[in-house]
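Here's the structure we're looking at; comments come further down.
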Amino acid sequence: MLTIQSLRDEKERIITALQKRHFDAREAIEAILEWDSDRRKTQAALDETLAQSNALSREIGGLMREGKKDEAEVIKSKTAAFKVQSTELKEQMQALEDQIHNALCHIPNAPHGFVTAGRNAEDNIEIFRSGNAATLDHHKKPHWEIAEECQLIDFELGAKVTGAGFPFYRGKGAKLQRGLIRYFLERADEGGYEEFIPPHMINAESGFGTGQLPDKEGQMYHMPEDELYMIPTAEVPLTNIYRDVIVKEADLPIKLCGYTPCFRREAGSYGKDVRGLNRLHQFDKVEVVQLSKPEASYDTLDSMVDHVKGLLEALELPYRILRLCGGDMGFTAAMTYDFEVWSAAQERWLEVSSVSNFETYQAHRLKCRYKSADGKSHWVHTLNGSALALPRIVAALLENHQDETGIQIPEALAPYCGFERIDYPT
RNA sequence: GGAGAGGUGGCCGAGUGGCUUAAGGCGCACGCUUGGAAAGCGUGUUUACCUGAGAGGGUAACCCGGGUUCGAAUCCCGGUCUCUCCA
């Protein structure tokens, strides 16, 4: 979330930036600043009351030690008024702090200066398109047909055992899945990202830290018995490693990666877009996360974009990169690049990666700082990106690399799968 | 699931309800000492907020949350985590 300090210092800039999201923050921010000024006055009064009350207590302590019980009793009688006063002030403080905190939680991150003011996905800016345009003539099977014919993925079996959106992968389909995960992890390893296998469930504190709670509560599977949530992305456990941590400046940038299944309720998604692998409740993803110094974080973002680019190049998939407009960006991001692969059979773009810089927005919620040489602490910048999300990559591989007799696995990937082709049944 | 023990600063570790934000040690930083190093000596070494031009001053925090008390690291209740034993 945004800090009070930043609202005090650059109120107008933040209001203007938030307008790119079509989020009118003026009223909320002015209210917050008002409450904050009350809060400071209240704290000054409270501190003063407690100081006086502490002084009396010390005096009583001294008298008791000297055995002057009667004098102590006299002073004791004076403390009651301070106690009443401090209790009241504490309640006021708490109320103001809660009010401020709640209001701050509902203000999204201020977009970076380069982000444009569009309203939705149509206003995103294409900043790159790969050269390898896919051409498919009469062999144009969508991936769900291929997956069924070749017995790679069984959607119906998943629907029986669990529900729609929880497919089984089998045979070469499962091996392709495993190969991709390993391939992505090896590339991340080469890129200097330390691999983690994190828990697949998280507590509410972690959900708050990365910004899934309270705003996107409905998107996560929740187990109220244990107050745990299924992770919607490895971003949550990986980034929360650094919750309540002060890192050493020399340790930055910190680079983490991890493969996890991701669980999303996808409430309200129906129809054509959810066919096959296009939208699932459980899917696999390799995620990369970085903690960076503020001055370096946009270079870091570029390097993460390059990393994802390298993966898509190696998989020989036609893709484009979009810089999201204000209206299409996630709540917590300051800048986001989406990667989309072209599905020749479906004739549409499929989002396979989202790479974002959150600047200090998550760091504030996480309380993650670093200490510089002069001993001062500063908020880190957090970033993350999918590298990559599997289902749509699988869809694009099956659809774009199909020919008369089957699917050709890209050269870079084949060693990880253990086969070079998936042949159609004869 | 049951029984017990425990959670104190970067780390180890002491702590009798008041003189304890916290002894002592280690580590770290700076200085002195030295030809140089080690040892030794000295000084410093948490975080957040409020206040102040600054020096500084104030408040809070000893796993978390409540409570008792003029006053809680210390006493009481609840939670949580770790360890040991049992199932």
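Each chain gets a letter, A, B and so on, in the order the sequences are listed, and its residues count up from 1.
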Between A:Ala44 and A:Ile246, the residue closer to the 5' end of RNA chain B by nearest nucleotide is A:Ile246

Roughly how many Å apart are B:rC19 and B:rA73, using the P atom of each and rounding to a whole number?
10 Å

Checking N1-N3 plus N6-O4 or O6-N4 for Watson-Crick, or N1-O2 and O6-N3 for wobble, each under 3.5 Å, the partner of B:rC30 is B:rG42

Fill in: B:rC41 to B:rU34 separation - C1' atoms, rounded to the nearest Å
13 Å

Any protein N or O atoms within reach of nucleotides 70-75 of chain B? Criterion: under 3.5 Å, listing atom names and distances.
unit_1, atom_1, unit_2, atom_2, d
B:rC70, O4', A:Thr79, OG1, 3.2
B:rC70, O2', A:Ser57, OG, 3.2
B:rG71, OP1, A:Lys83, NZ, 2.7
B:rG71, O4', A:Ser57, OG, 3.3

- Message: Looking only at the aromatic ring of each residue, does the gap between the centers of A:Tyr319 and A:Phe128 stay below 6.0 angstrom?
- Response: yes

- [ ] Using distance alone, with no hydrogens and no angle criterion, decide if A:Ser292 and A:Ser297 have a side-chain donor and acceptor under 3.5 Å apart.
- [x] no

Between NZ of A:Lys367 and P of B:rA48 the distance, given in whole Å, is 11 Å

Taking a pair to mean Watson-Crick or G-U wobble geometry with both distances below 3.5 Å, B:rU59 pairs with B:rA48

Distance check, C1' atoms only: B:rA39 and B:rG6, in whole angstrom units.
38 Å

Looking only at B:rC49, B:rA48, B:rG58, the nucleotide nearest the A:Arg369 side chain is B:rA48

Checking N1-N3 plus N6-O4 or O6-N4 for Watson-Crick, or N1-O2 and O6-N3 for wobble, each under 3.5 Å, the partner of B:rU69 is none

Re B:rA5: Watson-Crick or G-U wobble partner, both distances kept under 3.5 Å, found to be B:rU82

ask   = In whole Å, what separates the C1' atom of B:rG17 from that of B:rC28?
value = 35 Å

Smallest heavy-atom separation, A:Ala103 atom then A:Trp35 atom, equals CB-CZ3, 3.9 Å

Across every strand shown, the nucleotide meeting Watson-Crick or G-U wobble geometry with B:rC11 (both distances under 3.5 Å) is B:rG25

Can you tell me if the side-chain N/O atoms of A:Arg40 get under 4.0 Å from OP1 or OP2 in B:rC49?
no

Any strand, both distances under 3.5 Å, Watson-Crick or G-U wobble: B:rU16 pairs with none

Mind checking the P distance from B:rA72 to B:rU33? Whole angstroms is fine. 48 Å

So does A:Ser377 get a side-chain nitrogen or oxygen closer than 4.0 Å to the phosphate oxygens (OP1/OP2) of B:rU46? no

In whole angstrom, give me the gap between the C1' atoms of B:rU8 and B:rG24. 14 Å

